[in-house]
Amino acid sequence: MIALPEVRGKLLRDEPLAPYTWFRVGGAAEALFIPADAEDLADFLKALDPAVPVTVLGVGSNVIVRDGGVEGVVIRLAGRYWAQITTDGDTVTAGAGALDSMVAKASAKAGIAGLEFYAGIPGTIGGALTMNAGCYGAETKDVLVSAWGLTRTGERVDYALADFGYTYRHSQAPADIIWIEATYRGTAHEPGAVAARISEITSRRETTQPIREKTGGSTFKNPEGHSSWKLVDEAGWRGKLHAETGGGAKFSELHSNFMINPGEATAADIEGLGEAVRADVLAKTGVQLEWEIKRIGRAG
């Protein structure tokens, strides 16, 4: 059993992680830590044995937790402190635990345009910073000014936009940084017009994506010159139950780049389906699909 420092937040051992993910699958965390605030998290990281692995879990919207669970400590930035959003002029500052959609809505209320695309991303600001999240023609890099976070040893680091080295769904920032807060800059605009654009994005998402299913968002990144959903669809996987998983997982009929758990699939079923589709698409088209969904933990 790993030794854990004293904390002011919530610290749970052998905590099942399935309820924290949209797929509702996966094993337990050796320890789950929900820090009270940034100081609590920094103190914890400084005191934690450097050999203990640390994994950050947001709202679990774009992740598969494997059936064998996650070794070490899983950190979840949940609660009012982590979800704070403030506006000042044309800037928006948000905690890493704030939902992307709430940041979009707060921006609209303040008459700040440019962050509407966040209404279409089912995740948190921490995840958006990590992967340069985007949709509908806009990305995090288009509006981000700066962010700060903590290293694995609890030291503060500050990043300007250029420091991230953003490319498509990728950041060059060290993967072990735990983001705490981000500042964005949009442009002043009439609040009603910004809100209308958000409504348009929300409506489009509801009619084209299986948002009320147990899903993980976009499964694969779009390869250069291709759309992942078209490759999956043309390979015949839209709505097809994966025989090797006993019908436990499939790609959605509504959007063929979204995997869903229609019943009692395991994490192995879902990841196995993704790997089968990757292999099939490669064999049929020569195009290698790359995972957009993050897979963490140990196989069952």
Side-chain angles (χ1 to χ4, degrees), residues 2-13 15 17 20-21 26-66 68-79 81-82 94-98 100 123-133 140-141 144 146-183 221 290-299:
I2 57 176
L4 298 172
E6 291 293 318
V7 300
R8 289 182 288 108
K10 187 180 294 185
L11 191 54
L12 306 167
R13 290 186 182 270
E15 177 71 5
L17 291 175
Y20 297 95
T21 73
E30 193 171 357
L32 175 66
F33 177 37
I34 303 174
D37 51 35
E39 184 180 4
D40 191 29
L41 177 56
D43 290 344
F44 177 84
L45 292 170
K46 289 173 183 176
L48 185 66
D49 183 341
V52 175
V54 169
T55 304
V56 179
L57 180 66
V59 289
S61 59
N62 197 232
V63 65
I64 298 171
V65 175
R66 295 188 174 109
V70 182
E71 182 183 3
V73 178
V74 173
I75 293 173
R76 191 164 187 264
L77 307 182
Y81 171 87
W82 297 102
D100 299 330
T124 60
I125 291 302
L129 292 171
T130 299
M131 66 178 293
N132 186 25
T140 296
K141 69 176 180 62
L144 183 68
S146 62
W148 71 274
L150 297 171
T151 65
R152 170 61 182 80
T153 56
E155 303 302 321
R156 174 171 173 149
V157 288
D158 290 86
Y159 270 59
L161 171 61
D163 299 327
F164 282 89
Y166 278 139
T167 52
Y168 174 65
R169 301 297 177 268
H170 179 73
S171 164
Q172 292 181 6
D176 63 352
I177 293 177
I178 301 174
W179 298 109
I180 304 299
E181 189 177 73
T183 297
K221 300 175 184 179
E290 291 186 26
W291 284 94
E292 185 167 321
I293 290 177
K294 188 177 181 182
R295 287 98 58 230
I296 63 174
R298 303 166 291 203

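Given the structure is predicted, the values throughout are model-derived calculations rather than measurements. Quick note: numbers below take in every heavy atom, side chains included, and nothing from hydrogens, waters or symmetry partners.
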### Message
For a quick test of reading the model, state the closest non-hydrogen atom pair linking A94 to A98 and the distance between them.
### Response
CB-CB, 4.3 Å
### Query
Quick check: does any side chain N or O of Y81 sit under 3.5 Å from a backbone N or O of G95, one acting as donor and the other as acceptor?
no
### Message
Would the distance check show the side chain of R66 and the main-chain N or O of I64 forming a donor-acceptor pair, the cut-off being under 3.5 Å?
### Response
no
### Message
Surrounding NZ of K46 (heavy atoms of other residues, nucleotides or ligands, distance under 6.0 Å), is the total greater than 12?
### Response
yes
## Note on the structure
In short, P174 meets Y159 closest at the heavy-atom pair CD-OH, 3.0 Å
### Query
Tell me the side-chain hydrogen bond (donor to acceptor under 3.5 Å, both in side chains) pairs involving residues 26-39, sequence neighbours left out?
R8-D37
### Query
Say you draw a straight line from CZ of R169 to OG1 of T140; how long is it, rounded to the nearest 0.5 Å?
8.0 Å
### Message
So does G58 get a backbone contact from the side chain of R76, meaning a donor-acceptor N/O pair under 3.5 Å?
### Response
yes
## Note on the structure
For A96 and L77, the nearest pair of non-hydrogen atoms, with its separation, is CB-CD1, 3.9 Å
### Query
Which atom pair, heavy atoms only, marks the closest approach of A128 to D100?
CB-OD1, 3.9 Å
### Task
Go through R152 and L48 one step at a time and tell me if the side-chain contact (heavy atoms from CB on, under 4.5 Å) criterion holds.
CA-CA 9 Å; R152 170 61 182 80; L48 185 66; 3.5 Å; yes
### Query
Roughly how far apart are W82 CH2 and I125 CD1, rounded to 0.5 Å?
14.0 Å
#### Entry: Interatomic spacing from CG in L4 to CG in L12 - rounded to 0.5 Å
10.5 Å
### Task
Examine distances only and state if a side-chain atom of D163 and a backbone atom of A160 form a donor-acceptor pair shorter than 3.5 Å.
yes
### Query
If you take all heavy atoms of S61 and G123, which pair is closest and at what distance?
OG-CA, 3.6 Å
### Message
Does V74 form a side-chain contact (heavy atoms from CB on, under 4.5 Å) with I296? I'd like the steps, not just the answer.
### Response
CA-CA 10 Å; V74 173; I296 63 174; 5.7 Å; no
### Task
Mind running side-chain contact (heavy atoms from CB on, under 4.5 Å) on V65 and Y20 for me, showing each step along the way?
CA-CA 10 Å; V65 175; Y20 297 95; over 6 Å; no
### Query
Quick one: are R13 and I2 in side-chain contact, heavy atoms under 4.5 Å?
yes
### Query
So do F33 and L41 actually touch side chain to side chain, heavy atoms under 4.5 Å?
yes
### Query
Counting heavy atoms not belonging to K294, are there more than 12 under 6.0 Å from its NZ?
no
### Query
Can you find a pair of side-chain heavy atoms, one from L57 and one from V70, that are under 4.5 Å apart?
no
### Task
Quick one: pull up CD in E6 and CG in D43 and give me the separation to the nearest 0.5 Å.
12.0 Å
### Task
Look at the side chain of Y166 and the backbone N and O of L129, then say whether any donor-acceptor pair between them is shorter than 3.5 Å.
yes
#### Entry: Point-to-point distance, once rounded to the nearest 0.5 Å, from NE2 of H170 to OG1 of T130
11.0 Å
### Query
Which atom pair, heavy atoms only, marks the closest approach of D40 to G9?
OD2-N, 2.9 Å
### Any F164 side-chain heavy atom under 4.5 Å of N132 side chain
no
### Task
For L150 and I180, run side-chain contact (heavy atoms from CB on, under 4.5 Å): C-alpha distance rounded to whole Å, both residues' side-chain angles, the deciding distance at 0.1 Å, then the answer.
CA-CA 7 Å; L150 297 171; I180 304 299; 4.0 Å; yes
